[in-house]
Amino acid sequence: MASLTPISQSQSLFNKPQLKFKLPSSDFLPKSFTVSFSKMNPTMPMKSAAGVVSATTAEMPPKKRYPGEGKGFVEEMRFVAMKLHTRDQAKEGEKEVKEPQEKAVAKWDPTVEGYLKFLVDSKLVYDTLEGIVDRAPFPSYAEFRDTGLERSEKLAKDLEWFKEQGHAIPEPSAPGITYAEYLKELSEKDPQAFLCHFYNIYFAHSAGGRMIGKKVAEMILDKKDLEFYKWDGELSQLLQNVREKLNKVAESWTREEKNHCLEETEKSFKHSGEILRLILS
C-alpha cells in the first residue's frame with residue numbers, strides 16, 4: 001500500500017517562504033512567477049464569497065424613493081400637485097398667495113359675466129381633451145375614453161341654461177384658446193406631459209372645482225346647481241377607476257419619463273389658474 005506523507009512534512013510546505021515556478025513561454029503569461037506562503041495559515045478558513053458580496057452591497061447607497069411612489073404613480077402626481085396649492089386651498093399647500101384666484105373663495109367678488117367666460121373657456125379645454133382621447137394619437141390615450149369624468153356635454157347644457165336666462169354666451173378667450181392649443185401640441189409628441197394635464201384637470205375639478213362651483217353659485221346664481229358639478233354614477237368610484245388606469249399606463253414608463261410628467265404639473269396649474277381667474281373679471 002502506498003505510504004501517506006506525514007502531516008509534519010505537508011505542514012513544512014507552508015513554512016517555506018517562497019516557491020518558484022517556470023512556465024512555458026507565452027505572450028499572455030509571465031516567464032515565471034513566485035508564490036509566497038510565508039503568511040498563509042493552513043488552519044484559517046477562506047473568506048466566503050457571500051461575505052464579500054454582503055460587504056459590497058452594504059456600501060451601495062440606497063435607492064431614492066419618491067414621495068407616494070409606494071402607492072402608485074398617481075399618488076406621486078397628487079403629492080406634487082398638493083404642494084402647488086396655497087394653505088387656503090389645501091392643508092398640504094406650500095405656495096404663497098400671489099394671484100386673486102389663489103385667495104380663499106369667500107374673499108372673491110365673482111360676476112355672472114366672468115363666470116360665463118370661465119365656463120366657455122373650460123368647455124373649450126374639455127372639448128380638446130376629450131377629442132384627443134377619442135383620436136388617441138398614442139394608444140395609451142384610448143384607456144381614458146368614456147371614464148364618466150367627461151365634462152363637455154355637461155357644460156353645453158349649462159351654457160344653454162344661461163342662454164335661456166337671457167345671458168349672451170361669449171366666445172372663448174385667450175386663456176382657454178392658449179391652453180387648448182398647448183394640449184393639442186403636447187398630445188402629439190409628449191404623452192407623459194399630456195397625461196399630467198389630463199390628471200390635474202379632471203381631478204382638480206372633482207375636488208377644489210366642486211367647492212368653487214358651490215360657493216360661486218351661492219354668491220351669484222341663487223344656489224343654482226350646475227350640470228358641470230354633477231356626475232353620472234358614484235364619483236369616488238369613477239375617480240378610482242381612472243387612478244388605476246393611470247397607474248397601469250405609468251408602469252411602462254422609465255423613472256426619467258415619470259419625472260418629466262411630474263415636472264409638467266406647474267404648467268398645468270398655470271394654465272388652469274388663468275382660466276379660473278376669469279370668474280373675477
Side-chain angles (χ1 to χ4, degrees), residues 77 80-81 84 99-102 110-111 113-163 167-210 212-213 216 226-231 242 245-246 249 260-281:
M77 289 198 283
V80 173
L84 293 176
E99 303 292 342
Q101 74 275 9
E102 294 173 345
T111 65
E113 293 75 16
Y115 195 46
L116 274 171
K117 292 177 185 177
F118 162 74
L119 294 174
V120 167
D121 278 31
S122 294
K123 184 176 185 300
L124 176 59
V125 170
Y126 283 105
D127 286 345
T128 302
L129 276 173
E130 289 158 25
I132 290 168
V133 168
D134 283 341
R135 293 196 312 276
F138 283 88
S140 59
Y141 297 172
E143 294 290 329
F144 305 101
R145 292 172 181 158
D146 302 320
T147 63
L149 298 183
E150 293 80 12
R151 299 290 86 195
S152 184
E153 290 185 7
K154 301 286 188 180
L155 280 163
K157 291 179 180 179
D158 287 333
L159 293 173
E160 184 61 29
W161 178 83
F162 276 100
K163 188 175 180 180
H167 296 284
I169 308 301
E171 293 295 319
S173 60
I177 294 170
T178 300
Y179 198 11
E181 289 302 316
Y182 183 63
L183 290 171
K184 290 177 185 176
E185 180 183 344
L186 280 184
S187 69
E188 298 290 339
K189 65 180 184 179
D190 196 338
Q192 286 78 31
F194 172 74
L195 287 176
C196 172
H197 289 266
F198 177 93
Y199 163 78
N200 281 292
I201 290 170
Y202 283 107
F203 278 67
H205 178 65
S206 71
R210 281 196 298 163
I212 291 170
V216 171
L226 295 180
E227 295 296 317
F228 191 25
Y229 305 100
K230 298 177 184 178
W231 286 263
V242 174
K245 290 176 184 289
L246 284 165
V249 168
H260 176 60
C261 176
L262 297 176
E263 290 164 359
E264 191 71 17
T265 306
E266 193 166 353
K267 290 182 181 179
S268 175
F269 270 60
K270 175 180 177 293
H271 285 290
S272 294
E274 289 174 353
I275 292 175
L276 189 61
R277 190 188 304 168
L278 293 170
I279 298 176
L280 305 177
S281 63

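Computed from a predicted model, the values in this text were never measured in an experiment.
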Self-check item: Parallel, tilted or perpendicular: ring planes of Phe118 versus Phe228, cut at 30 and 60 degrees
Solution: tilted
Practice problem: Answer yes or no: is there a side-chain heavy-atom contact under 4.5 Å between Phe138 and Asp190? | Solution: no
Practice problem: Quick one: list whatever passes ring-ring contact (aromatic ring centres under 6.0 Å, His included) with Tyr202, sequence neighbours left out. | Solution: Tyr126, Phe198
Quiz item: Can you tell which of Leu129, Asp134, Val249, Leu149 makes a side chain to side chain contact (heavy atoms under 4.5 Å, CB included) with Phe144?
Solution: Val249
Quiz prompt | Under the ring-ring contact (aromatic ring centres under 6.0 Å, His included) test, residues paired with His167 that sit two or more places apart | solution = Phe162
Quiz item: Distance-only, no hydrogens or angles: does the Tyr141 side chain make a donor-acceptor pair with backbone N or O of Ser187 under 3.5 Å?
Solution: yes
Exercise. Decide yes or no on side chain to side chain contact (heavy atoms under 4.5 Å, CB included) for Ile275 and Ser122, but give the supporting numbers first.
Key: CA-CA 7 Å; Ile275 292 175; Ser122 294; 3.9 Å; yes
Quiz item: Nearest 0.5 Å, what's the CD-CG distance between Glu160 and Leu155?
Solution: 13.0 Å
Practice problem: Identify the two heavy atoms, one from Ala81 and one from Asn200, that lie closest to each other, and give their separation to 0.1 Å. | Solution: CB-OD1, 3.6 Å
Exercise. Starting at OG of Ser140, measure out to CD of Glu143 and round the result to the nearest 0.5 Å.
Key: 8.0 Å
Practice problem: Identify the heavy atoms of Ala136 and Arg145 that sit nearest to each other, and give their distance. | Solution: CB-NH2, 3.5 Å
Quiz item: Are Met77 and Thr265 close enough, and set up right, to give a side chain to side chain contact (heavy atoms under 4.5 Å, CB included), and what steps lead you there?
Solution: CA-CA 8 Å; Met77 289 198 283; Thr265 306; 5.7 Å; no
Exercise. May I ask you to test the Leu124-Tyr179 pair for a side-chain heavy-atom distance under 4.5 Å?
Key: no
Practice problem: Keeping the roles fixed (side chain from Arg210, backbone from Ser206), state whether a donor-acceptor pair exists under 3.5 Å. | Solution: yes
Exercise. Grab the two heavy atoms, one from Val125 and one from Gly176, that are nearest each other, plus how far apart they are.
Key: CG2-O, 4.2 Å
Practice problem: Determine yes or no for a side-chain-to-main-chain donor-acceptor pair under 3.5 angstrom, with Thr178 supplying the side chain and Pro175 the backbone. | Solution: no
Exercise. For Glu274, check salt bridge (Lys or Arg N to Asp or Glu O under 4.0 Å) against everything at least two apart and list the hits.
Key: Lys270
Self-check item: Steps toward side chain to side chain contact (heavy atoms under 4.5 Å, CB included) verdict (Leu116, Leu159)
Solution: CA-CA 8 Å; Leu116 274 171; Leu159 293 173; 4.0 Å; yes
Self-check item: Leu278 versus Lys117, closest heavy-atom pair with distance
Solution: CD1-O, 3.8 Å
Quiz item: With Asp127, which residues qualify under salt bridge (Lys or Arg N to Asp or Glu O under 4.0 Å), at least two apart?
Solution: Lys123
Exercise. For Thr128 and Ala180, work out which heavy atoms get closest and say how close.
Key: OG1-CB, 3.4 Å
Practice problem: Output, in order, the C-alpha distance, side-chain angles, deciding distance and verdict of side chain to side chain contact (heavy atoms under 4.5 Å, CB included) for Glu150 and Val133. | Solution: CA-CA 11 Å; Glu150 293 80 12; Val133 168; over 6 Å; no
Quiz item: Just wondering, do Phe194 and Lys189 contact through their side chains at under 4.5 Å, heavy atoms?
Solution: no
Quiz item: So how far is it from Ile279 CD1 to Gln101 CD, rounded to the nearest 0.5 Å?
Solution: 9.5 Å
Quiz item: Of the non-hydrogen atoms in Ser272 and Ile201, which two are nearest, and what is the gap between them?
Solution: OG-CG1, 4.4 Å
Self-check item: Pairing residues for Lys154 by the side chain to side chain contact (heavy atoms under 4.5 Å, CB included) criterion, not counting sequence neighbours
Solution: Arg151, Glu227, Asp232
Quiz item: Can you tell me how far the NZ atom of Lys245 sits from the CG atom of Leu195, to the nearest 0.5 Å?
Solution: 12.5 Å
Quiz item: Excluding sequence neighbours, so at least two apart, what forms salt bridge (Lys or Arg N to Asp or Glu O under 4.0 Å) with Glu181?
Solution: Lys184
Exercise. May I ask you to check whether over 12 heavy atoms, not counting those of Lys163, lie within 6.0 Å of atom NZ?
Key: no
Practice problem: Give a yes or no on this: more than 12 heavy atoms of other residues, nucleotides or ligands lie within 6.0 Å of atom CD of Glu99. | Solution: yes
